Structure formats: structure tokens, C-alpha cells
Student: 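Pasting a structure here, questions to come.
For clarity, every value in this text was computed on a predicted model and none was experimentally measured. Below, chain A is the first sequence line, B the second, and so on; all start at residue 1. When reading the values below, keep in mind they use all heavy atoms of this one structure, side chains included, and skip hydrogens, waters and symmetry mates.
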Number of protein chains: 2
Amino acid sequence: MTASEKAYYSVHPKFHMAVDCIIFGFEDGELSLLLLKRNFEPAKGQWSLMGGFVEEGESVDDAARRIVAQLTGLTDIYMRQVKTYGNVDRDPGERVISSAYYALVDIKKYDHTLVQAHNAFWVKLPEVPHLIFDHDSMVADALRFMQYQASIKPVGMNLLPEEFTLTQLQTLYEAIFRESMDKRNFRKKIASMDYIEKTGKIDKTLSRKGAALYRFNPERFKENGQFKI
Amino acid sequence: MTASEKAYYSVHPKFHMAVDCIIFGFEDGELSLLLLKRNFEPAKGQWSLMGGFVEEGESVDDAARRIVAQLTGLTDIYMRQVKTYGNVDRDPGERVISSAYYALVDIKKYDHTLVQAHNAFWVKLPEVPHLIFDHDSMVADALRFMQYQASIKPVGMNLLPEEFTLTQLQTLYEAIFRESMDKRNFRKKIASMDYIEKTGKIDKTLSRKGAALYRFNPERFKENGQFKI
DNA sequence: TTAATAAGTGTTCCAATTACACTTTTCTTT
DNA sequence: AAAGAAAAGTGTAATTGGAACACTTATTAA
């Protein structure tokens, strides 16, 4: 790099860069968020999203993955960037620019020890308390974006176990869109998606009759898949 | 701020923060982008988006507005954040994190002197050359996002003069979605939007018969407006 | 054996979208 | 003054996709 090139960058300020993660789970027919009841400064005692700073040599996407893994122990999680929040005073401590990411996790699979260590809790969406800084906006934006994504791409299944019943799948989408759906119409739609396939197994934990278990087949979807719900 | 709070921030690195702007215009039935043929380092001689660094005391949104104003002289422009690009090596000179914003401008109204001074040119979308760094991805993402926004909100009019004919409006949407539309169906749809109102004036520049001029009424839209195209 | 519980299954109706072609107005040219 | 050119403007029928709707089946527990 030449001297003039170096000057091109160095005359400009640098900023702390953070990520904040909106971690969605699904349980008892409701979406939940994994939130911290902060037992550390700043804003000790208040509720917040799980967040952290981007480190040297780490991409912002990688930072988001690291932050989710730190709290849940989970890697290979479905995550999407929501938006970057760059208001000067958004963090009252010092200037920090933050990118929000949402994550969809199977609520049965997280590392309980890590979550406890961070003093984190799953909170059902309707009961989410006021969060610090601009985290309320982040949650609102993430929810909206996730709903849109879930309506055009088969990403909702990331909130379910590998194998799921159609009843589970329907209650999931009812929770995502906060509206009840017609069972027959819903099943008709799913039946038209050949990438949601029967495993042949039957789940008898929820009904005497037993319900067929399905699984999402990503290869089949990549080939010719359409999704709209 | 206490010492421990200060430490909370200061152990973490800081980064250059930039914005890059995808500036859309509309002319001759085609979308265009305002691009720089760089006559300065780095990447002198190559094509790029208009960009710049976020400065101290300036929000990221404000930086984006400033950058667009610097090039076009235009303020109060419709702009939306697209996405933040945070790969470590995205700028080969030094690490820079960049938020992309798209802007919709009336291509008749920009400041020609400023544009010339920056060696910038309007390039029709199908003829956009390869751009530096990850700017090609930024353009692709911005176009997709803009198309989505334009399909659910009446933002396309930002690319037209205050007053426009229905033929202009239709060719605009045909350019945005890269598909031809049926004239009668299109006009039927627009007629159902009472916030797109006749001005009473007639434009005779494009036809012997003359075409009615319309205008977007934002107040009417706010009240009860629905938009879907 | 029967009572309880969730799983599973088709058809009709309605609304929204799509397809489709000619007339009108005005100016220019001859 | 008549004819031709060019874009503006206008309505209906057909199709499609989405919405509404209720009973039967399988199984286990009482």
C-alpha cells in the first residue's frame, strides 16, 4: 500500500463494531426469544439481546455465529443479518455500531450450562420485556424480517426437530404469523411440496392414533423447490 | 462512565466504517445507476459505487445521506439501508466495514457539475460494468431489495418527476420488475389507488392527444392507503 | 365395549388476476 | 380540408388460486 493510499483510510475515524443476536425458538405453540438478564455492566440488571464485539480478523457474519455459539453451544445455525444500527447515541456508554442478526434454533438442543452461565432465559414473544438501548427495535425488525423470510422460504423448520408432525409444523407457522390456519388447506399446501417428505415413522407421544413424521429434504428443495405460505 | 465500563469497550478493536450508495434513476424506459469511474486511488481507473467513510458524530444513515448529497446535490432523497458487508478482506487496502444504501432519485434533478467533478456517469442497468470490491453484490442485493419494496410500497414514484403520466408510471414498473404489463390491468390497479390523483394538467410532449398528469399524494396514502403491484 | 383424543381427508365457493382489441384525440402531412 | 400517424384511453369474460367448511379414522385408556 502506498503512502497516499494509507492516508486515504487513516484520516477517518474508527468505531467499535458489535453484533446483537435475536435468537428465536419455538415451544408450546409460541415463539420465544433467548434473552439475557444482565448480571454484568453496562446496564446490569436489565434485559438485553445476546451481543458482542466484532474482533480483529473476524468477519461480521463470523462474529454473529460466534456470539450465538457462545450462548447456546450451537453451530451451523440458520442466521440472517437483519439491519445495522448506527445512531450516534444508541449505546449511552460509548459509540458502538451494531449489526443485528436473527437466528432460528431448535429449542430442544441448546447447551443449558452455557445459557445458565450467561443468566439467559427463553421468554415467550408476547411476554418479552423492555430491552436496553435499541434492542426493542432490533427485535421488531428481526421479527418482521423473519416472518417475511418464513413466508417465501422453507426456513421455519429450523425451529423444529429434524423430524416433525404436520400438526407441529402448522402450530409453528401459526405462531410465526400470529394467525390460525385451516388444517386441510395447510396440509394440502404442504403435500404439494415434495421436499417435505414422510420419514415413515410415527410419533405416538402426542396422540393415541399417532402422527406421521416428516423431514425437510434440502437437496430436493434446491432442485425444483417452490415455497410460499 | 466507570473505569470498568470503559474497559468493557476499550479491549475491543475499532474499524473503519463506510457507506456505499446504489443510486437508482429512470430514463428511456430503463433503470440506471450513478457510478464512479474512479479518477483517484484506491482502484483508480475502475468503476465503483459512490461511497465514503462514516465520520465522528455522524450516524450511519446520515453518512449515507451526505454521500448521496455530495455526488448529486440532492437532499430529502428516498433511501433505505440494504445490508452491511463485513468480510475481513472485502477492501484489499485496509479493513473497512461498509453499509450499502440504495437511493431513488429523479434523474432530471441532479447537480451536473458535482457529478462531472466526481467523474460519475449514469449507466443503464443492463450495461453496468464490473465494479470493485464487493460492489457487484451490493448492486444485486440492492436491486432485489428495491424490487421488493417497490412491490409493496408506493416508492417507485421517487424515480419520476412530481407529475407523471400513467404510461411513464407503467414503463417505470416494467423496468423495475423487468416484465411487461397489460395496459388495461395496470390502469385499473392504479385507478383503485385514490392517493395517485389526477392533477388536471395534460402533458403533450409525448403524444398528439396528450396524457393526463398524475401525482402521488402522501397524506392520502398515509390515511388508508394500500399498495401492491 | 365405549369414550376420548388427535390425525387425517375433498369439495364448493368466491375473489383476484389474467387475457384480450378497439376507439378516441390531436397534430402533421399532403 | 382530408387522411394518416401515434399514443391515450377504455370493459368484459375466463381462469386461477385461495378460503371456507365437517366428518371419519385409528388407537389407547377407562
Student: Is it the case that over 12 heavy atoms from other parts of the model lie below 6.0 angstrom from the CD atom of Glu162(A)?
Tutor: no

Student: Could you check whether Arg65(A) pairs with Glu58(A) (Lys NZ or Arg NE/NH1/NH2 to Asp/Glu carboxylate O, under 4.0 Å)?
Tutor: no

Student: Side-chain N or O of Ser207(B) less than 4.0 angstrom from OP1 or OP2 on dA6(D)?
Tutor: no

Student: If every non-hydrogen atom of Lys183(A) is compared with every non-hydrogen atom of Gln170(A), which pair is closest and at what distance?
Tutor: CA-OE1, 3.6 Å

Student: Rounded to whole Å, how long is the line connecting atom CG of Leu166(A) with atom P of dT9(C)?
Tutor: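 Computing the Leu166(A):CG to dT9(C):P distance gives 9 Å.
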
Student: Let me know the distance between NZ of Lys189(B) and C1' of dT18(C), rounded to the nearest Å.
Tutor: 10 Å

Student: May I ask you to verify if any side-chain N or O of Lys209(B) is less than 4.0 angstrom from the OP1 or OP2 atom of dA5(D)?
Tutor: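 No, because none of the side-chain N or O atoms of Lys209(B) sits under 4.0 Å from OP1 or OP2 of dA5(D).
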
Student: dA6(C) P sits how many Å from Gln170(A) CD, rounded?
Tutor: 14 Å

Student: With a 4.0 Å cutoff (strictly under), does any side-chain N or O of Arg208(B) reach OP1 or OP2 of dA5(D)?
Tutor: no

Student: Rounded to whole angstroms, how far apart are CZ on Phe186(A) and C1' on dG18(D)?
Tutor: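 Value for this atom pair: 15 Å.
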
Student: Could you work out which one of dA7(C), dA22(D), dA20(D) sits closest to the side chain of Lys188(A)?
Tutor: dA20(D)

Student: Which is true for Thr167(A) with a 4.0 Å heavy-atom rule: it touches a base, it touches only sugar-phosphate, or it touches nothing?
Tutor: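 Since only primed, P, OP1 and OP2 atoms lie under 4.0 Å of Thr167(A), the category is sugar-phosphate.
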
Student: Check the distance between dA13(D)'s P and Asn185(B)'s CG and give it to me in whole angstrom.
Tutor: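 Checked: the CG to P distance equals 15 Å.
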
Student: Measure the distance from CG on Asp182(B) to C1' on dT15(D) and round it to the nearest whole Å.
Tutor: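 Going from CG in Asp182(B) over to C1' in dT15(D) covers 15 Å.
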
Student: Does a side-chain N or O of Lys204(B) approach OP1 or OP2 of dC27(C) to a distance below 4.0 Å, or not?
Tutor: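 Checking dC27(C) against Lys204(B), a side-chain N or O does come within under 4.0 Å of OP1 or OP2.
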
Student: Quick one: is dA6(C) close enough that its OP1 or OP2 comes under 4.0 Å of any side-chain N or O from Lys183(A)?
Tutor: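 So the side chain of Lys183(A) is outside the cut-off, no N or O lying under 4.0 Å from OP1 or OP2 of dA6(C).
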
Student: Rounding to an integer number of Å, can you tell me how far Asp203(A) CG sits from dT27(D) C1'?
Tutor: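 After rounding, the gap between these two atoms is 14 Å.
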
Student: Do you know which of Ile67(B), Ile77(B), Leu71(B), Leu33(B) makes side chain to side chain contact (heavy atoms under 4.5 Å, CB included) with Ile23(B)?
Tutor: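 Output: one option passes, namely Leu71(B).
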
Student: Any Lys/Arg nitrogen of Lys124(B) or Asp28(B) sitting under 4.0 Å from an Asp/Glu carboxylate oxygen of the other?
Tutor: yes

Student: Reading DNA chain D from 5' onward, which residue's closest nucleotide shows up sooner: Gln168(B) or Arg184(B)?
Tutor: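 On the 5' side of the pair lies Gln168(B).
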
Student: Round to a whole Å and report the spacing from CE of Met181(A) to P of dG18(D).
Tutor: 13 Å

